[in-house]
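Okay, structure first, notes after.
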Amino acid sequence: MSDRRGAGAALELRGVIRTYKQAGVMLPVLRGVALALRPGEIAALVGPSGAGKSTLLHTAGLLERPDGGEVLLDGRECGGMSDGQRTEIRRGRLGFVYQFHHLLPEFSAVENVMLPQMIAGAGKAKARAHAQELLAMVGLSERADHRPARLSGGEQQRVALVRALANSPSVLLGDEPTGNLDIHTAEDVMGALIDIVRRTRLAALIATHNLDLARRMDRILSLEEGVIVERTAPARQAEAAR
């Protein structure tokens, strides 16, 4: 079981339990999940379809309440907070990126990245400047004024990625963020994600079915029968041990 507790964790789950009621039967999905991610660390979350990866991400991201255990962000227990408090934490401390980019089609790339900042209270000029900086990080400066329909799939997903970073979160959660992309584009997007994690000291947990991409991350965490098991050492550590 993966339980790297210690000072400085950006995200920590302690014995998290999540159960659903289905046709009158209680269906346990998370059975005491324990994990900790530190700033600058990116971990892959793998497991078969239906294992509960999305449930784990939703619980870690304060979209669902755990039935037991604790969810800590930057050392602060958040699982029992009010809905308003959880919304405030999500807005400022968490970033989400999904399999589909969910960009607003009527807005340009830079405007899509500006919107979360303005919702959080940033002025238009400041939001635009920061959005342009983020787009430059993923090589999209020249595409900033293009609407999503004029962007390639990989470009759309890179915009979605930096939109998730618009409010400078400490934790990024990704649910199959390269699942709709061809392998070469997926590798490019994952490379951009890993680079951003290193440069910004994010902690990132990324669900993926692509084991080749998972091996590029620091750790591979497998969700098995409702608990986390660290299955495979990262490729670069294995090479260093030879």
Side-chain angles (χ1 to χ4, degrees), residues 1-6 8-38 41-73 75-81 86 89-90 94-100 171-180 186 190 193-194 197 202-238 241:
M1 181 182 296
S2 178
D3 187 5
R4 298 187 178 189
R5 297 190 184 188
L11 169 66
E12 186 171 1
L13 305 184
R14 297 178 179 173
V16 167
I17 297 169
R18 190 74 177 95
T19 302
Y20 297 99
K21 189 173 184 179
Q22 193 172 78
V25 177
M26 301 306 293
L27 178 65
V29 178
L30 306 180
R31 301 171 181 257
V33 167
L35 67 85
L37 293 176
R38 294 179 175 82
E41 181 178 35
I42 180 169
L45 178 64
V46 302
S49 297
K53 299 187 297 298
S54 293
T55 296
L56 192 156
L57 292 172
H58 291 168
T59 305
L62 308 183
L63 294 169
E64 297 186 23
R65 290 184 182 276
D67 296 309
E70 298 178 304
V71 179
L72 293 90
L73 291 168
R76 184 181 181 187
E77 207 289 311
C78 301
M81 288 181 173
R86 290 156 64 85
I89 292 289
R90 282 198 305 271
L94 291 161
F96 298 87
V97 60
Y98 298 97
Q99 183 169 345
F100 186 71
V171 176
L172 178 70
L173 301 171
D175 198 350
E176 295 284 349
T178 62
N180 279 339
M190 186 57 67
L193 172 55
I194 292 171
V197 168
L202 270 171
L205 181 63
I206 309 298
T208 181
H209 282 104
N210 189 321
L211 290 179
D212 289 332
L213 294 181
R215 293 186 186 100
R216 296 179 61 181
M217 303 187 213
D218 297 318
R219 299 157 63 193
I220 299 179
L221 307 176
S222 180
L223 185 58
E224 301 177 13
E225 297 184 354
V227 298
I228 288 289
V229 178
E230 191 152 358
R231 303 301 300 176
T232 310
R236 67 183 185 203
Q237 290 185 6

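Just so you know, residue 1 is the first one in the sequence shown, and it goes up from there.
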> Do you know which two heavy atoms are closest between Val227 and Val33, and how far apart they sit?
Replying inline: CA-CG2, 4.3 Å
> So, does Arg219 use its side chain to make a donor-acceptor pair with the main chain of Glu230 at under 3.5 Å?
Replying inline: no
> Rounded to the nearest 0.5 Å, how far apart are CD1 of Ile206 and CG of Leu213?
Replying inline: 11.0 Å
>> Would you compute the distance between atom OG of Ser49 and atom CD of Glu176 and round it to the nearest 0.5 angstrom?
In response: 8.0 Å
> How long is the span from the CG atom in Leu13 to the CG atom in Leu35, to the nearest 0.5 Å?
Replying inline: 4.0 Å
> Distance-only, no hydrogens or angles: does the Asp218 side chain make a donor-acceptor pair with backbone N or O of Ile42 under 3.5 Å?
Replying inline: yes
> Between the side chain of Lys53 and the main-chain N/O of Leu45, is any donor-acceptor distance below 3.5 Å?
Replying inline: no
> OH/Tyr20 to CG/Asp67 distance, rounded to the nearest 0.5 angstrom?
Replying inline: 8.5 Å
> Do Leu205 and Leu56 come within less than 4.5 Å of each other through their side chains, counting heavy atoms only?
Replying inline: yes
>> For a quick test of reading the model, state the closest non-hydrogen atom pair linking Thr208 to Ala214 and the distance between them.
In response: CG2-CB, 4.1 Å
> Which atom names give the shortest non-hydrogen contact between Leu37 and Ala204, and what distance separates them?
Replying inline: CD1-O, 3.7 Å
>> Ignoring hydrogens, what is the shortest heavy-atom contact between Gly52 and Leu30? Give both atom names and the distance.
In response: O-CD2, 4.0 Å
> Taking atom CG of Asn210 and atom CE of Met190, what is their separation to the nearest 0.5 Å?
Replying inline: 7.5 Å
> With no hydrogens and no angle check, is any side-chain donor or acceptor of Arg86 less than 3.5 Å from a backbone partner on Glu64?
Replying inline: yes
> Do Arg31 and Glu225 meet the salt-bridge criterion of a basic N to acidic O distance under 4.0 Å?
Replying inline: no
>> Between Glu12 (side chain only) and Leu73 (backbone N and O only), is there a donor and an acceptor less than 3.5 Å apart?
In response: no
> If you take all heavy atoms of Leu202 and Val171, which pair is closest and at what distance?
Replying inline: CD2-N, 3.9 Å
> What do the steps show when you test Leu223 against Val46 for side chain to side chain contact (heavy atoms under 4.5 Å, CB included), and what is the final call?
Replying inline: CA-CA 6 Å; Leu223 185 58; Val46 302; over 6 Å; no
> So, for Leu172 and Phe96, which heavy atoms are closest and what is the spacing to 0.1 Å?
Replying inline: CD1-N, 4.2 Å
>> Can a donor-acceptor pair be found, under 3.5 Å and without considering hydrogens, that links the side chain of Arg18 to the backbone of Arg65?
In response: yes
> Is there a side-chain contact between Leu62 and Met81 (heavy atoms, below 4.5 Å)?
Replying inline: no
